[in-house]
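Have a look at the structure below, then the notes.
Residue numbers begin at 1 in each chain, while the letters A, B, ... track the order of the sequences.
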There are 2 protein chains.
Amino acid sequence: MAPEQQHPEHDVFAAFCPSRNVFAELADKWSLLLLLSLHKLGEQRFSELQRSVVGVSRKMLTQTLRELERNGLVRRTVQPETPPRVIYGLLPLGHSLAERVAPVAEWVEDHSGSVLEARAEFDRTRCPSSGC
Amino acid sequence: MAPEQQHPEHDVFAAFCPSRNVFAELADKWSLLLLLSLHKLGEQRFSELQRSVVGVSRKMLTQTLRELERNGLVRRTVQPETPPRVIYGLLPLGHSLAERVAPVAEWVEDHSGSVLEARAEFDRTRCPSSGC
DNA sequence: AGACCTGGTCTATGTTGGAGACCGTCAGCT
DNA sequence: AGCTGACGGTCTCCAACATAGACCAGGTCT
């Protein structure tokens, strides 16, 4: 009866809703960048991904790709050649999500200038000179 | 001359681009949920936000709101009554971002079922019974 | 008087992320 | 023959971060 328990199924604002759980796992720097890279550049090998998403460590790359695979967004295929060739690509579910995430990344690229200005203004009025 | 240095201005995939910096600060569970809540429910006080975004601690609430304020997305107004009333609301920049983020949250709410199924399938085929 | 609400801050503790070493197999170079 | 590098990871260590909870001053309600 309590109002905060009325979200029977799907509500990212409810702490114990499965949607929140999924949201929390995806709302992360590396997950989103990997989705975007696979969406923009298509299928890539492990080392290609590491080069396209600059700055990701091998550990986080492995770990994040495993999560995306487990969540049904990414497919991992091993071609048993030598050297082994491991291809990562988006599944349909992953594509549909990446399409919603792309506008956010575009927004950031278009408005990062404004954000930087706001930061400078904030720091100027709140942290005069260096001693913040 | 190196191809990976050709992104002079705005590229979330480049490690040292300001866009990446902004992206990394925003691509976070609490930042996105706060933006969404302020977008959906409008202006809210500190304690209202804590209730609407279930599960956020006071520390992360303060810290994340400060970041959003510094980035020019959120306005913080103190009404010096007793008890003090602190109102948080989106600035135009914040609204324009929240409009891009909302479809992502909707996607999660609509597809969390599929994600959960994928997880179950993954765990079933990769971690037979309990001993993952 | 005692409990609670306001908007926070501070501290202890547990989880996480990043840096770098290591692995075996193979190709290319010298 | 040996050295180097790429491949796709795994492992360990340490610093950074998130969470839980106590604490605060001022005011209201009972």
Closest to the side chain of Arg66(B), out of dT9(C), dT6(C), dG8(D), is dT9(C)
Which pair of non-hydrogen atoms, one from Ile87(B) and one from Glu43(B), has the smallest distance, and what is that distance? CG2-OE1, 3.7 Å
So if you build clusters from Ile, Leu, Val, Met, Phe, Trp, Tyr with side-chain heavy-atom gaps below 4.5 Å, do Leu91(B) and Val108(A) land together? no
Nearest-angstrom distance from the residue atom CZ of Arg45(B) to C1' of dG8(C): 13 Å
Per Ser47(A) side chain, nearest of listed nucleotides dG7(C), dG9(D), dG8(D): dG8(D)
Gap between atoms CD and P, on Gln44(A) and dC7(D) respectively (whole Å): 13 Å
Are the side chain of Arg20(A) and the backbone of Val54(B) linked by a donor-acceptor contact shorter than 3.5 Å? yes
Of the listed nucleotides (dT19(D), dT6(C), dC7(D)), which one gets closest to any side-chain atom of Trp30(B)? dT19(D)
Gln63(B) near the nucleic acid: base, sugar-phosphate alone, or nothing, with a heavy-atom cut-off under 4.0 Å? sugar-phosphate
Atom pair distance, as rounded to whole Å: CG in Leu61(B) and P in dG21(D): 17 Å
Whole angstroms only, please: what is the CD-P distance between Gln50(B) and dT6(C)? 9 Å
With a 4.0 Å cutoff (strictly under), does any side-chain N or O of Arg76(B) reach OP1 or OP2 of dG8(C)? yes
Of the nucleotides dT19(D), dG7(C), dT12(D), which one has an atom closest to the side chain of Lys59(A)? dT12(D)
Euclidean distance, atom CG of residue Leu49(A) to atom P of dA6(D) [Å, nearest integer]: 17 Å
Side-chain heavy atoms of Leu61(B) within contact of Trp30(B), under 4.5 Å: no
Phe46(B) has an atom CZ; how far is it from atom C1' of dT9(C), in whole Å? 10 Å
Atom-pair distance (NZ on Lys29(A); P on dT16(C)), nearest Å: 16 Å
What is the separation between atom CD on Glu81(B) and atom P on dT6(C), rounded to the nearest whole Å? 13 Å
Whether Arg124(A) and Glu121(A) form a salt bridge (side-chain N of Lys/Arg under 4.0 Å from carboxylate O of Asp/Glu) is what I want to check. yes
With nearest nucleotide decided by heavy atoms, which residue, Arg58(B) or Met60(A), maps closer to the 5′ end of DNA chain C? Arg58(B)
On DNA chain D, does the nearest nucleotide to Asp28(B) precede the nearest nucleotide to Thr62(A) from the 5' side, or the other way round? Give the residue. Thr62(A)
